[in-house]
There are 2 protein chains.
Amino acid sequence: MPEYKAPLRDIQFVMNELLGSEQHYAALEGAEDATPDMVNAIIQEGAKFCEQVLSPLNQVGDREGCTWSEDGVKTPTGFREAYQQYVEGGWPSMTSDPEYGGQGLPGSVGLVMSEMVGTANWSWGMYPGLSHGAMNTIEAHGTEEQKQTYLTKLISGEWTGTMCLTEPHCGSDLGTLRTKAEPNSDGTYSITGTKIFISAGEHDMADNIVHIVLARLPGAPEGTKGISLFIVPKCLPNEDGSAGERNAVSCGSIEHKMGIHGNATCVMNFDGARGWLIGPENKGLNCMFTFMNTARIGTAIQGLGAAELGFQGSLAYAKERLAMRSLSGPKNPDGPADPIIVHPDVRRMLLTQKSVAEGARALIYLAAQQADIVTRGKTEEERKAADAMLGFLTPIAKAFLTEIGYESANLGMQVFGGHGFISEWGMEQNVRDARIGMIYEGTTGIQALDLLGRKILMSQGEALKQFTKLVHVFCKENADNEQLKEFIEPLQQINKEWGEITMKLGMSAMKNREEVGAAAVDYLMYSGYAVFAYLWARTAKVALDTMADGTSEEAFYNAKVQTARFYFKRLLPRTRTHVETMFAGADTLLDLPEEHFAF
Amino acid sequence: MPEYKAPLRDIQFVMNELLGSEQHYAALEGAEDATPDMVNAIIQEGAKFCEQVLSPLNQVGDREGCTWSEDGVKTPTGFREAYQQYVEGGWPSMTSDPEYGGQGLPGSVGLVMSEMVGTANWSWGMYPGLSHGAMNTIEAHGTEEQKQTYLTKLISGEWTGTMCLTEPHCGSDLGTLRTKAEPNSDGTYSITGTKIFISAGEHDMADNIVHIVLARLPGAPEGTKGISLFIVPKCLPNEDGSAGERNAVSCGSIEHKMGIHGNATCVMNFDGARGWLIGPENKGLNCMFTFMNTARIGTAIQGLGAAELGFQGSLAYAKERLAMRSLSGPKNPDGPADPIIVHPDVRRMLLTQKSVAEGARALIYLAAQQADIVTRGKTEEERKAADAMLGFLTPIAKAFLTEIGYESANLGMQVFGGHGFISEWGMEQNVRDARIGMIYEGTTGIQALDLLGRKILMSQGEALKQFTKLVHVFCKENADNEQLKEFIEPLQQINKEWGEITMKLGMSAMKNREEVGAAAVDYLMYSGYAVFAYLWARTAKVALDTMADGTSEEAFYNAKVQTARFYFKRLLPRTRTHVETMFAGADTLLDLPEEHFAF
């Protein structure tokens, strides 16, 4: 198993040098504590925990998995103890409201920690990750009493949380969900129904679990407009705030699945469980939307983590494993063969992973800054602009990064040859774990419809224009820079083309709505490569400027320029295919009658 | 788990209508028995066995895996009994030499059975599959005595076989292998060394296992020119031909791996085991090369199987699962939602799998016909031409089909959404099983070097010219066919471009050998899409001609034309990216110093 080493130098580069986090934090409301020194100290401390505590449990979690019994779910060896350490370290409270025990740091600082936790041990990271979903819901929509009762416990880490959305017959299409909430005379509700795929739904890591449950009130409108949100705790809170008697909610079984074995994926049965309404009646989905972007950015991290972990593992292997001679003559003449890192195709696989991991970091941190501004920006205008930008970047980050992160995990495995298929090396686990990223929190197809249909076409392209304008300004500012020319020129082209194809798709969608669905995934992938082109060009600029100013880290900055070059020459051309296939027409997909797919 | 249904209609279409197997068999030496009725009857019978016996064991094999103990390796429940039925049915002997008990049918008939076996249960199919490797070696290079002793038992299926190549420190780079063979006074050899990744190396399905082992004689030249081949049986044969006392070869352990759990991947320890030289001293690798093409085509089937199984599973699910409404209005207005097959992106995933599975079938059967001609062609000229064509098609079939087969397996899983990640549906097993296809029998990178470096550039492009000429003639013959225009025009373009880029790569390789390695995988994938374009255009022609002549199966042929159209519009454009990236230059991969990949 590759031992995870937090890429602190790159984290610092992206935060501070590429995205100017010092100025960013200084401009936020109530982020006074997020000084560079403070943030740096937190990240260093977090890195130690991830490297020393979580990383060694990653393979254990996969091998042992979770086990279900009537008494509950047992998590893998060490998971519970690691969680205790995490709570003692105060990590659950890092970015939450100080009024309820939080430390009030900006969300983007928490995201760096999430990246390190998730790369070291994704399955483990999902337990605190799901708690954040519950925390955010209660913080945004709960009553003062609900916050005192539940939010404080979630923030302290004593209790964990879940999000209970999916039912056996519906996932993306929540409008058809059936779980019922019937009012009791005391103002509470009786929740009845079955929820599936509930990550962290039951476990032995904390005293209580706070389920946020989507359900229908009696007589609620059909579809998505009749869904309400409820808090349903595993144990009903006592007067003194401690976890009391068991509520009528239980885990019926856990799923056997491809990966993330260390995380319990539960079937949750609600048998008239007591619940409390959160937010307005029938507005449950609206309440969810307010922080869905943040949750999806959280999932996007899985793509980054998969690429980073695959890269770390396969880089070490490629330097050690000897096979064949370089085509241009022996590079290790005293040995029996050359290390495989001399072979161009092995380097193609390594550089793909590297450019994906580092590009993903830039994209996710950029999105996290927008999320910071949404909640802490000083002006309404700033907050609104950031919200639009975040909405635009979210489906791209979620789908594009999990797709290319999965590809990267596969390349990491491929570098190992036959050994990659063997469990002990950990590379195949990385592939299995990463595979879910393209599915949960909305599949790639769902994200693509969100991007093209909702975010772009419904805003008449406004969300895209904001972004392409940024790119345009950057290109203009650097038009005379000879060294940057190799990046600026193709970036300018892609940026122009991006606007044009969007317009063209908008036109064809007006004639036939099906064209949106037929083009959406290609359009999303195209957009991902375009955003990456912008980020890699900016990265190259920062690196070249720093070298021009003089630096003791020439090799680091030079590697950034080389990786940017690799990206532009070897990954950006993938847009050539997407731009062609997105205009292939819906008829190539829809003409074949359903009953003629097979004979 | 999807129940496997042998796609008999499509198998017949490809064999008979697309590739004219009747004329093909009639032109072969000693293939008189392969009449259309006979072949059809065999395939029907084989389909029953695969559907009823092997398919139900596929998930069992994955769940139970193999278990190792001092006494040997236990295969999953039912595997042994299925093998007995297979032997009783006479399947192992189908294509072997009648002189040693075989039925003498052409290899291509056997390949159809391999396809059905492999799609129904890949892990199980590897046991008889590996036997074929051993059979072929002994048939081609063994002495009469070796054939009587071993080949007859392999052909009858009483014994199985393995190929023992890989060692812990070397896989692709066999030149560095260390297993020793020391001559004994009785003409036998003592074999000592460790082999890893030996599929079917130990199991409980047959009385004896015949290992074909690569080893070095004392004083043999270094590198690949000092490797010899040995027969090393698990049990030494008695005078009466039965399996006698145990030889000094044993399975030290089995690997825990990502997929193909039902097949035992063994570490084999040879501790002075008795072995018999097969073929000339130090010519072991040459002997292997004679049938490596066939073995690789066998592996290519895994790509076809993964696409077919994924397609069957996800098609059924897509018709049943209800979610969302069609963008152009409800298609199932009386239900709570539409079946997901109405959504264009779901269809994109289904049609990708369909066009990959059917295209792969055409490519593999075409290659199998060439292999038939290599061994049974009536003239030397015919045989030589077929050998060149087979050599050209083999790396493409192996690497391209396992790559797009893996992609298809992933799409099959993706159609299921969250359920795809859950083991009981079988789609994630299909992904895990398919993943090894891109690795064993030479990784994609190795195949790509074989294609571009050895098969094409070393023959001055001759192997490619043969193929592009075929395509050119086909295009010319159909130039005036208006209905075919949408296929012929792009095919003509790609065929021309294929020649041009090959020339261009040849030129740049003369200046810098590293350009071959830097372009090879893109070139291979490009070639795969080009070959598919030819096969799909031919398919469209057959379908259109048949409909013009009048047919009761209009829907079947129409679906072929639609799928060809999908292929040309939505998959062939992938060449646009490959053609660009293959000329990105080796410097984009090699300039970054090894020690600067990470900081």
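Numbered from 1 within each chain, the chains take letters A, B, ... in sequence-line order.
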Worksheet item: More than 12 non-hydrogen atoms from neighbouring residues, nucleotides or ligands closer than 6.0 Å to CD on A/Glu222, yes or no?
Response: no
Worksheet item: Taking everything shown except A/Lys257 itself, do over 12 heavy atoms lie less than 6.0 Å from its NZ?
Response: yes
Using heavy-atom distances under 4.5 Å, tell me whether [X] contacts chain A through its side chain, its backbone, both, or neither.
X: B/Ala323; result: both
X: B/Arg321; result: side chain
X: B/Val346; result: neither
X: B/Thr444; result: both
X: B/Leu322; result: backbone
X: B/Leu315; result: side chain
X: B/Ile196; result: side chain
X: B/Tyr406; result: side chain

Max heavy-atom pair count under 4.5 Å with chain B, selected residue of [options]:
options: A/Ile436, A/Leu572, A/Val561, A/Val521; result: A/Ile436
options: A/Met582, A/Lys319, A/His343; result: A/Lys319
options: A/Thr265, A/Thr166, A/Leu327; result: A/Leu327
options: A/Thr176, A/Leu590, A/Ile260; result: A/Leu590
options: A/Arg9, A/Arg513, A/Arg574, A/Glu594; result: A/Glu594
options: A/Ala555, A/Pro168, A/Gly445; result: A/Ala555

Within the 4.5 Å heavy-atom criterion, are [X] and [Y] side-chain neighbours or not?
X: B/Glu514; Y: A/Ser326; result: yes
X: B/Thr575; Y: A/Glu580; result: no
X: A/Met413; Y: B/Met258; result: yes

Item to complete: May I ask you to decide if the ring planes of A/Phe556 and B/Phe599 are parallel, tilted or perpendicular, using 30° and 60° as cut-offs?
Response: perpendicular
Is there a donor-acceptor contact under 3.5 Å from the side chain of [X] to the main chain of [Y]?
X: B/Asp345; Y: A/Gly517; result: no
X: B/Thr443; Y: A/Gly417; result: no
X: A/Arg435; Y: B/Asn410; result: yes
X: B/Glu428; Y: A/Gly259; result: no

What distance separates [X] [atom1] from [Y] [atom2], expressed to the nearest 0.5 Å?
X: A/Asp591; Y: B/Gln562; atom1: CG; atom2: CD; result: 5.0 Å
X: A/Lys560; Y: B/Leu592; atom1: NZ; atom2: CG; result: 11.5 Å
X: B/Arg576; Y: A/His578; atom1: CZ; atom2: NE2; result: 14.5 Å
X: B/Thr581; Y: A/Arg348; atom1: OG1; atom2: CZ; result: 8.5 Å

Worksheet, complete the sentence: Turns out that what part of A/Leu8 lies under 4.5 Å from chain B's heavy atoms comes down to neither
Worksheet item: Between A/Val342 and chain B, which part of the residue has a heavy atom less than 4.5 Å away: side chain, backbone, both or neither?
Response: backbone
When [options] are compared by non-hydrogen pairs under 4.5 Å with chain A, the top option:
options: B/Gly418, B/Pro336, B/Ala519, B/Pro593; result: B/Gly418
options: B/Phe566, B/Phe197, B/Phe421, B/Phe416; result: B/Phe421
options: B/Glu553, B/Glu358, B/Met438; result: B/Met438
options: B/Gln312, B/His419, B/His596; result: B/His419
options: B/Gly420, B/Ala586, B/Ala584; result: B/Ala584

Return the minimal non-hydrogen interatomic distance between [X] and [Y], and the atom names on each side.
X: B/Pro573; Y: A/Thr577; value: O-OG1, 2.9 Å
X: B/Lys354; Y: A/Phe597; value: NZ-O, 2.8 Å
X: A/Ile439; Y: B/Gln414; value: CG1-OE1, 3.6 Å
X: B/Ala598; Y: A/Phe311; value: CB-CE2, 4.2 Å

Discussion item. Using the rule side-chain hydrogen bond (donor to acceptor under 3.5 Å, both in side chains), only one of A/Arg570, A/Arg347, A/Arg565 pairs with B/Thr588; which is it?
Written reply: A/Arg570
